Amino acid sequence: MTRSQRQAIRELIAEMTALGCRREEVVAQLRHDFRMRPREAYRLAAGLTLDQSAAAVTEVTGGSQAPEGSGIAKAEKWPGPSSRRPSLSLLGALAQVYGCEVADLVDVADLREMPPAERRVLRAGAASPAAGKEEPQAAAPAPPAASAPAGVSNTAGDSGPALVRRAAEEAAAWAGWAEASNVGPVAVEQLLADTRARAEEYLVQDPAAVFLRTRALRDRVFGLLQGHQSPAQARDLYQCAGYLCALLAWMSSDLGHPREGETQARTGWLCAELADQPDLRAWVASTQSAIALWDGRLRDAIQHAARGSQYATTGTVATFLACQEADAWSLLGAAGETRQALERAADAQERARGADPVGGLFRCGEFRTANYRASALLRTGDAAGARDTAQAALDTYSTLSYGTTAQTRITLAAAHLACRDTEAVRSALDPVLALPPDQRLAPLVERIRDLGRDLATRSGAGAPGVQLRTAIADWCADSAPRRLPLSP
């Protein structure tokens with residue numbers, strides 16, 4: 001390939017990318033304009049050199065495939081001169097690297113020269129497309145035809161040594177399919193890391209932007225699950241998908257869509273069952289409890305939290321579930337049940353062992369626990385205890401979660417109001433009123449509205465109280481559920 005051709009290829013890819021063309025469209029144009037084989041077109045569309053492609057194959061296969069750049073070049077040229085036929089396992093690894101299906105990397109010229117057994121693998125995949133996919137995926141080859149009685153010709157025309165050779169070819173083809181995977185250990189590890197990143201980002205970044213990134217990552221995992229991988233890799237992918245659905249469920253509720261959040265949570269629960277992950281089951285149950293609570297279904301919130309508490313888990317989810325029970329019981333005015341739930345939360349916090357699988361939103365540290373405890377104490381009549389708990393948490397712990405910090409400050413302000421310290425109410429609330437509109441999520445709006453109503457019913461606040469109620473009303477009017485494009 002000449003320098004001018006390489007430059008023309010780069011310019012075409014850049015132009016089509018800027019125009020928003022899909023990868024398949026870029027590949028088709030490259031093949032048409034430059035007479036490329038499909039494997040070369042997909043590599044160039046992915047922006048990889050031969051050596052980079054070889055290194056990526058080595059990485060995604062854990063070293064079981066370790067080609068050199070020259071080997072990738074020969075596989076791309078096949079079945080032309082100075083080429084080498086790529087194995088099914090190499091095609092599977094290349095498909096994973098390029099983000100396509102194995103069948104996308106071969107054309108009719110390849111099929112003509114392929115051994116019949118390997119061609120049957122690809123044809124079987126074309127006959128059984130994955131749900132929701134327009135493109136076929138490689139499937140396991142059909143089982144060998146039943147052996148004919150001695151002296152009787154096989155239905156395929158094979159007999160004697162030919163039949164034995166055919167059976168061996170079919171076994172080799174199936175082994176190639178079984179060995180191939182659309183995801184490698186490094187890719188799975190990266191997906192888990194990306195899931196943890198989304199859970200951390202949601203605590204500090206623009207919720208709508210994080211929602212979109214989380215949705216894109218979930219869709220990528222869903223797409224991989226429609227392909228072929230080992231059982232262990234499938235469990236890891238289901239775990240990723242479950243946590244991502246739980247994240248989207250929580251975000252949907254925060255943005256004012258509790259019903260849609262429940263749908264995400266139910267899918268997350270299915271993923272937890274398929275992954276057989278107790279921690280994921282518990283965190284999905286906690287998400288369902290949170291959605292039910294903010295939707296006003298307090299008994300459902302308690303039931304979801306109690307269901308999640310049945311699983312033997314590590315990390316802090318047991319603490320969180322007990323806190324959620326206390327939260328719901330306190331809203332129902334059940335002081336005894338609230339105290340019992342708070343005691344269970346404290347016991348779980350002492351017994352917690354190991355790290356949370358994801359962290360971020362799915363972690364209940366000391367600050368988050370104190371926030372729940374302060375709210376529960378306030379609702380059950382212990383305003384002084386709520387005030388001291390909230391203030392101590394704000395003074396003692398550092399947290400990056402603007403949502404939990406804001407809720408703790410709202411509780412502190414409400415406790416000051418209950419203790420008739422009206423001057424302290426405004427100072428506690430000022431950092432909350434300074435939050436940008438995109439971070440004024442639905443739970444915060446509901447909590448601060450309750451505080452505004454309490455201000456209106458209490459005497460003695462005077463003009464400062466009127467000014468604060470006006471500030472609260474303005475704050476709620478320009479909140480995330482009213483402003484963001486994902487909100488109702």
Side-chain angles (χ1 to χ4, degrees), residues 1-63 65-114 122 133-138 180-184 186-187 190-191 194 209 212-213 216-217 219-220 223-224 227:
M1 185 182 298
T2 66
R3 178 178 298 181
S4 61
Q5 285 178 317
R6 287 194 292 269
Q7 181 62 28
I9 289 170
R10 285 194 292 268
E11 291 175 355
L12 175 62
I13 294 173
E15 179 186 10
M16 294 188 72
T17 302
L19 291 172
C21 294
R22 294 180 296 110
R23 176 198 57 206
E24 291 78 8
E25 294 172 316
V26 176
V27 169
Q29 198 67 42
L30 287 173
R31 297 200 64 196
H32 177 271
D33 291 359
F34 299 96
R35 305 296 182 188
M36 284 184 187
R37 308 290 295 122
R39 294 172 289 282
E40 182 181 13
Y42 267 96
R43 174 176 60 80
L44 292 173
L48 298 176
T49 66
L50 290 167
D51 288 339
Q52 288 171 338
S53 180
V57 167
T58 303
E59 183 176 5
V60 301
T61 61
Q65 293 275 334
E68 296 181 351
S70 59
I72 297 294
K74 291 180 179 180
E76 289 180 350
K77 294 176 182 177
W78 190 78
S82 302
S83 65
R84 181 185 303 151
R85 178 171 60 86
S87 65
L88 284 180
S89 56
L90 176 59
L91 288 173
L94 289 172
Q96 182 181 339
V97 170
Y98 302 153
C100 64
E101 306 298 338
V102 175
D104 295 330
L105 298 177
V106 297
D107 60 9
V108 66
D110 297 307
L111 294 173
R112 289 193 189 107
E113 302 298 327
M114 271 187 176
L122 295 175
K133 290 273 189 179
E134 296 180 359
E135 297 295 328
Q137 293 193 32
S181 171
N182 66 339
V183 63
V186 175
Q190 184 60 51
L191 289 169
D194 291 342
L212 293 173
R213 291 199 296 273
L217 183 59
D219 290 350
R220 182 181 171 199
L224 290 170

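FYI, side chains are in, hydrogens and waters are out, and symmetry mates aren't considered; it's all heavy atoms of this structure. Remember, predicted model here, so these are calculated numbers, not experimental data.
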How many angstroms lie between [atom1] in [X] and [atom2] in [Y], if you round to the nearest 0.5 Å?
{"X": "M36", "Y": "I9", "atom1": "CE", "atom2": "CD1", "value": "3.5 Å"}
{"X": "Q65", "Y": "L91", "atom1": "CD", "atom2": "CG", "value": "9.5 Å"}
{"X": "E59", "Y": "Q190", "atom1": "CD", "atom2": "CD", "value": "9.0 Å"}
{"X": "M114", "Y": "R85", "atom1": "CE", "atom2": "CZ", "value": "7.5 Å"}

Side chains of residues 46-56: which donor-acceptor pairs under 3.5 Å do they make with residues two or more places apart or in other chains?
from, atom 1, to, atom 2, distance (Å)
T49, OG1, Q52, N, 3.1
T49, OG1, Q52, OE1, 3.4
Q52, OE1, T49, N, 2.9
S53, OG, Y98, OH, 2.7

Self-check item: Residue pair C100 / R23, side-chain heavy-atom distance below 4.5 Å
Solution: yes
- Taking C-beta and beyond as the side chain, do R39 and V106 meet within less than 4.5 Å on heavy atoms? yes
Can you name the closest pair of heavy atoms from [X] and [Y] and give their distance?
{"X": "P67", "Y": "V57", "value": "CD-CG1, 3.8 Å"}
{"X": "S87", "Y": "S89", "value": "OG-OG, 3.0 Å"}
{"X": "A75", "Y": "L90", "value": "CB-CD2, 4.1 Å"}
{"X": "E25", "Y": "M16", "value": "O-CE, 3.5 Å"}
{"X": "E101", "Y": "A95", "value": "C-CB, 3.8 Å"}
{"X": "G71", "Y": "R84", "value": "CA-NH1, 4.2 Å"}

Run the numbers on L224 and L191 for side chain to side chain contact (heavy atoms under 4.5 Å, CB included), then give the verdict.
CA-CA 11 Å; L224 290 170; L191 289 169; 3.6 Å; yes
message = Taking the basic N atoms (NZ, or NE/NH1/NH2) and the acidic carboxylate oxygens, is any pair closer than 4.0 Å for R37 and D110?
response =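 Salt bridge present between R37 and D110.
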Evaluate the criterion side chain to side chain contact (heavy atoms under 4.5 Å, CB included) for residue pair L94 and Y42; output intermediate values, then yes/no.
CA-CA 9 Å; L94 289 172; Y42 267 96; over 6 Å; no
| message | With no hydrogens and no angle check, just 3.5 Å: does a side-chain donor-acceptor pair link E11 and Q7? | response | yes
- Query: Is atom CZ of R213 surrounded by more than 12 heavy atoms (other residues, nucleotides or ligands) closer than 6.0 Å?
  - Reply: yes
